[in-house]
Amino acid sequence: MITKSMTRLTASIFTTFLFLICLFIPVHADEVIEYPIWIGKQQVTSKLTSSYNWSYDGDETGGTLTITDLRSISAYKYNTNIYSGVPLTIIYHGSNVFGLGDGRGANAILVEGDLTIKGDGIFYLEAVNNAIVCYKTLTIEGKNITMKSGRDVVSMPNHTNVSINNSAIKMSGGEWTGITAGSVEIANSNIDLDVSGEAISAANLVIDKSTINASSNDGISVRNIEIKDGSNVTSTSKG
């Protein structure tokens with residue numbers, strides 16, 4: 001015979017059992033995924049994808065960073081103003097200035113994947129060592145770009161390719177080189193280089209419908225060069 005006391009005991013045991021199960025079931029809050037991308041001292045995460053003057057569309061494997069009037073950001077990750085360990089596209093609007101005063105770091109931009117830069121505003125980079133360091137392919141399609149640095153203005157450590165299209169760029173400083181890469185292709189662009197070392201150092205250089213004004217101590221150093229119709233290349237020595 002089942003008594004009331006036995007029923008109450010069974011219910012009590014069942015309630016205790018459920019309570020113990022709940023103790024051992026993990027409750028996950030929304031997990032924050034850290035992306036290997038830093039804008040100054042701000043790291044992009046799954047929860048932090050925008051701030052006052054930047055926004056990021058992508059994930060931890062790469063994406064697009066849009067900046068508008070981004071100025072006075074600190075050099076933080078690897079002493080760099082903008083760092084990305086994954087492929088990154090930077091789209092700029094307004095007036096964007098990196099590397100002045102206390103914000104000057106070793107590099108203005110360091111990307112370990114492919115890097116694309118394009119925009120319709122002002123893009124000014126200044127750095128102690130390199131304005132841009134890119135470990136894979138660099139593509140630039142933008143106007144009003146100014147870059148100053150102490151060593152290589154544009155450095156491609158793995159001797160990968162640089163493609164510059166429909167751009168207007170001024171480079172200066174460059175105790176070592178203006179652009180050092182595996183190959184450089186310049187099309188429909190105006191490039192002014194005023195550097196101390198080599199203006200361009202590459203295995204291959206193709207210039208198509210572009211104007212290149214290079215002032216340097218060591219000139220343009222390439223193994224193969226192709227200058228297509230509609231181009232104007234001037235290289236003068238500072239010595």
Value rounded to 0.5 Å, distance of [atom1] in [X] from [atom2] in [Y]:
X: N53; Y: I67; atom1: CG; atom2: CD1; value: 8.5 Å
X: E185; Y: N161; atom1: CD; atom2: CG; value: 7.0 Å
X: I200; Y: I220; atom1: CD1; atom2: CD1; value: 5.0 Å
X: I37; Y: K77; atom1: CD1; atom2: NZ; value: 12.0 Å
X: I39; Y: L65; atom1: CD1; atom2: CG; value: 5.0 Å
X: N165; Y: S163; atom1: CG; atom2: OG; value: 4.0 Å

Could I get the full list of ring-ring contact (aromatic ring centres under 6.0 Å, His included) partners for W38, not counting sequence neighbours?
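W38 satisfies ring-ring contact (aromatic ring centres under 6.0 Å, His included) with Y76 only.
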Residues in ring-ring contact (aromatic ring centres under 6.0 Å, His included) contact with Y35, at least two apart in sequence or another chain
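Here the qualifying residues are Y56.
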Does one hydrophobic cluster hold both [X] and [Y], with members joined at side-chain heavy-atom distances below 4.5 Å?
X: I33; Y: V86; value: yes
X: L193; Y: I225; value: yes
X: V133; Y: I90; value: no

Are [X] and [Y] packed together at the side-chain level, in the sense that at least one heavy-atom pair is separated by less than 4.5 angstrom?
X: K170; Y: M147; result: no
X: N107; Y: I132; result: no
X: I169; Y: I140; result: yes
X: T146; Y: L125; result: no
X: I73; Y: W54; result: no
X: T234; Y: I212; result: no

Counting distance only, does the side-chain N/O of [X] pair as donor-acceptor with the main-chain N or O of [Y] below 3.5 Å?
X: N81; Y: G103; value: yes
X: S231; Y: K209; value: yes
X: S189; Y: S210; value: no

From CA spacing to verdict: side-chain contact (heavy atoms from CB on, under 4.5 Å), D57, T49
CA-CA 7 Å; D57 182 14; T49 57; over 6 Å; no
Could you pull out all residues at least two apart from [X] that satisfy side-chain hydrogen bond (donor to acceptor under 3.5 Å, both in side chains)?
X: N190; result: none
X: D229; result: none
X: T61; result: D59

Ignoring hydrogens and geometry beyond distance, is a side-chain donor-acceptor pair present between N213 and T211 at under 3.5 Å?
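N213 vs T211: no donor-acceptor pair found between side chains.
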Contacts table for residues 148-160: side-chain donor-acceptor under 3.5 angstrom, sequence neighbours left out:
residue: S149; atom: OG; partner: N129; partner atom: O; Å: 3.4
residue: S149; atom: OG; partner: D152; partner atom: O; Å: 3.1
residue: S149; atom: OG; partner: V153; partner atom: N; Å: 3.4
residue: R151; atom: NE; partner: N129; partner atom: OD1; Å: 3.4
residue: D152; atom: OD1; partner: T177; partner atom: N; Å: 3.2
residue: D152; atom: OD1; partner: T177; partner atom: OG1; Å: 2.6
residue: N158; atom: ND2; partner: Y135; partner atom: O; Å: 3.1
residue: T160; atom: OG1; partner: K136; partner atom: O; Å: 2.5

Take M171 and I179 through the test side-chain contact (heavy atoms from CB on, under 4.5 Å) and record every step on the way to the result.
CA-CA 9 Å; M171 302 182 188; I179 302 173; 3.6 Å; yes
Would you indicate whether E175, at its atom CD, is surrounded by more than 12 heavy atoms from other residues, nucleotides or ligands within a distance under 6.0 Å?
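No, CD of E175 has 12 or fewer neighbouring heavy atoms, counting only those of other groups under 6.0 Å.
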Atom of [X], atom of [Y] and distance for their closest heavy-atom approach:
X: A202; Y: S183; answer: CB-CA, 4.4 Å
X: A127; Y: A106; answer: CB-O, 3.6 Å
X: N79; Y: A75; answer: OD1-CB, 3.5 Å

Salt bridge (charged side-chain N to carboxylate O under 4.0 Å, His left out) against [X], all qualifying residues, sequence neighbours excluded:
X: K47; result: D30
X: E126; result: R104
X: D194; result: K238

Under 3.5 Å, side-chain donor or acceptor atoms of residues 91-101 against the rest of the protein: list the pairs with distances, not counting sequence neighbours.
residue: Y92; atom: OH; partner: K143; partner atom: N; Å: 3.1
residue: Y92; atom: OH; partner: K143; partner atom: O; Å: 2.6
residue: H93; atom: ND1; partner: D120; partner atom: OD1; Å: 2.8
residue: S95; atom: OG; partner: R71; partner atom: NH1; Å: 2.7
residue: N96; atom: OD1; partner: D69; partner atom: N; Å: 3.2
residue: N96; atom: OD1; partner: L70; partner atom: N; Å: 2.9
residue: N96; atom: ND2; partner: H93; partner atom: O; Å: 2.8
residue: N96; atom: ND2; partner: I122; partner atom: O; Å: 3.2

Donor-acceptor pairs under 3.5 angstrom involving side-chain atoms of residues 108-118: please list them, not counting sequence neighbours.
residue: E112; atom: OE2; partner: Y83; partner atom: OH; Å: 2.5
residue: D114; atom: OD1; partner: T137; partner atom: N; Å: 3.0

Kindly give the cluster partners of V206, where membership spreads through any ILVMFWY side chain lying under 4.5 Å from a current member.
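In the cluster with V206 there is nothing else; it is isolated.
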Evaluate N224 against L205 for side-chain contact (heavy atoms from CB on, under 4.5 Å), listing each step before the verdict.
CA-CA 6 Å; N224 303 296; L205 173 61; over 6 Å; no
